[in-house]
Structure formats: structure tokens, C-alpha cells
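Read the numbers this way: they start at 1 and go in the same order the structure lists the ligands and their atoms. All of these numbers come straight from a predicted model, not from anything done at the bench. Side-chain atoms are counted along with the backbone in the values below, which use heavy atoms only and exclude waters and symmetry mates.
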Amino acid sequence: MTWPFQIYGTYHRRNDIHKLYKGQQQSGISTPTNCPGIFIFTGNGANRAGYQDVFQKDGRLRYTGQGQTGDMKMIAGNKAIRDHVKNSKDLLLFQQTCRTGIVRFKGLFICAGWDCEIQKDAQGNLRKAIVFTLIPQDYVSKKVKSLTIQAPDQTPLHTLREKAFKAVAVPELKSKHTPGTVFSRSKAIRDYILARAEGKCEHCQRPAPFLTVQGYPYLEAHHILRLTDGGPDHPKSIIALCPNCHREAHFGNQQELLKNKFLGIVSVLEQNLGHLRFND
Ligand SMILES: [Zn+2]
Ligand SMILES: [Zn+2]
């Protein structure tokens, strides 16, 4: 199951988004409850007056958070963006078009970090604004896939686990140009999950069907709670699957059943490995 939005497709915000998923209809950041996604809106809209969102040449977006007047605070929609990975929520970006109420889908994004910048608020007063660095999820997934996977026997599992759990936190960026954090975050979690699987599908327990060119057992990382795979994730909601089990998880008729089974498997695995404590 995936989101019903095509990249660059146009949608009626109220009918195509909020009728299906609920959430605040007027806000630039919409956070429906019981929904695996957060909807964020950029550009031209009346609700974004005074906000300065800037697309960089490389597809990254500097996205200004929420708060009409005064200094912005890390609450509500801003907090939801910062914690979207930890909370297993996809971040869906829509851009206002010149037609009222019609938005264009720009794809799934990942919050790489945030920093503060002085901007004018709705009344023209200078204030501290929270600005997020958002990276297209596709870009992160491709980049991470092209990285060499850590050999399972090179680094002890507990070291990989520690790295993966530490990687979950979204950093306050010291520099505006550190999208690399998001790749290393993603890689740390991937390395750990594949090492945890010890060459077998964590669901059916069959050995990986083949070795990769680097000589490692081929398994796929599946996100149990989100609708899509890709980008950095929380180690407690990722399972390593053989290609068969993975296809079934996305296209089979027992998806709910499998989801609960996967959560059970991962929870037991993590409990058994839990002799190391982390602040996650
Ligand atoms: Zn399997
Ligand atoms: Zn998957």
C-alpha cells in the first residue's frame, strides 16, 4: 500500500487530502491523528504569507516552520516535522498552485535537521524562525542503496545497534550544509538491521536467496508502520525480509496480519538484544 498521490499531480486540498485523512485544513503543516503521514504545504498560499521557503538547486527545501507572530517554538506542527522519523510518519510536501485550493504533490521528504534564522513575522517584526532542511526521500534511498553495506562480521552487533539508535535523533544543524547527516543516519540503521538478521529473513527464517556482488546475503529492509520504505527509520519499526516476504507485505491480502506479526518479531528480537540501554 502506498499514498494515492502522483509526483507533480495536482489535487484539491480539501476533497483529495482532508476528506480522506482529516487534519487541519487551513494550516501550512497538517498533522492528522491516526494517519501515517504529515501534510506540509509551501508557496503562494494565503496561509503562508510571510513565510520564506526556498528550494535549493539540489532539490533540498529550506522550509520555515509554524507560528504567525513572535519567536517560533518547537511545538505542534514544528515538533511533528522534527520527530517524523521517530514517530514513523511520512512527510508529504504539496505546493500551492495559482488556482485556489489546488495543490501540486512534490513527493515524500525527510527532515535532515533544523536551525534558527531571523525572519519577519506576519506583522513585519523580526523574530526567530525555525527553518527545517528537507531532503527528497527518493534521493536519500538511492544514495543509501549505493553505499556499501557493512560486512556483518566486521563490526560487533552491539556497536551497530548503538550507532543505529543514536542515529534516530534529528540534529539541530550547526551548519546549513550538512545533508550528509541524513545519509549516515539511514546507513547506520540499515547496517544494523541487516546484521541483526544474520543472513536470514526475519519473518520466514529462510536464508537470503543469494549473495550480493560484495558477498553479503541479500535481504531487504521493510518499514512496518509507514506506507513506504526509504530514508532513515527507527530500528524498532524495521524488519529485514527476503524478497518474497517483502512483496507479500506490500501486495498480499494479509497485510494487517503480517504487520502485527512483524511488530511481534521485532519486539522480541529487540528485547533479547536489550542488554544495552539507549535513550531513544
Ligand atoms: Zn521471508
Ligand atoms: Zn517494504
Other cluster members, Val266 - Ile/Leu/Val/Met/Phe/Trp/Tyr, side-chain contacts below 4.5 Å: Ile224, Leu225, Ile239, Leu241, Leu258, Phe262, Leu263, Ile265, Leu269
Ring-face cation of Arg13 near Phe41 (centre distance under 6.0 Å, axis angle within 45°): yes
His203 N/O/S atom closer than 2.8 Å to the Zn ion (ligand 1): no
Test: Lys236 cationic atom under 6.0 Å from Phe165 six-membered ring centre, within 45° of axis: no
Minimum-distance atom from the Zn ion (ligand 2) among N, O or S atoms of His222: ND1
Carboxylate-amine/guanidinium contact Glu270 Arg196, below 4.0 Å: yes
Proximal heteroatom of Asp229 relative to the Zn ion (ligand 2) (N/O/S): OD2
Angle at the Zn ion (ligand 2) (to 10°), with one arm to NE2 of His246 and the other to NE2 of His250: 110°
Salt bridge (Lys or Arg N to Asp or Glu O under 4.0 Å) involving Lys19 - partner list, sequence neighbours excluded: none
Cys242 SG and Cys245 SG subtending at the Zn ion (ligand 1) (10° steps): 100°
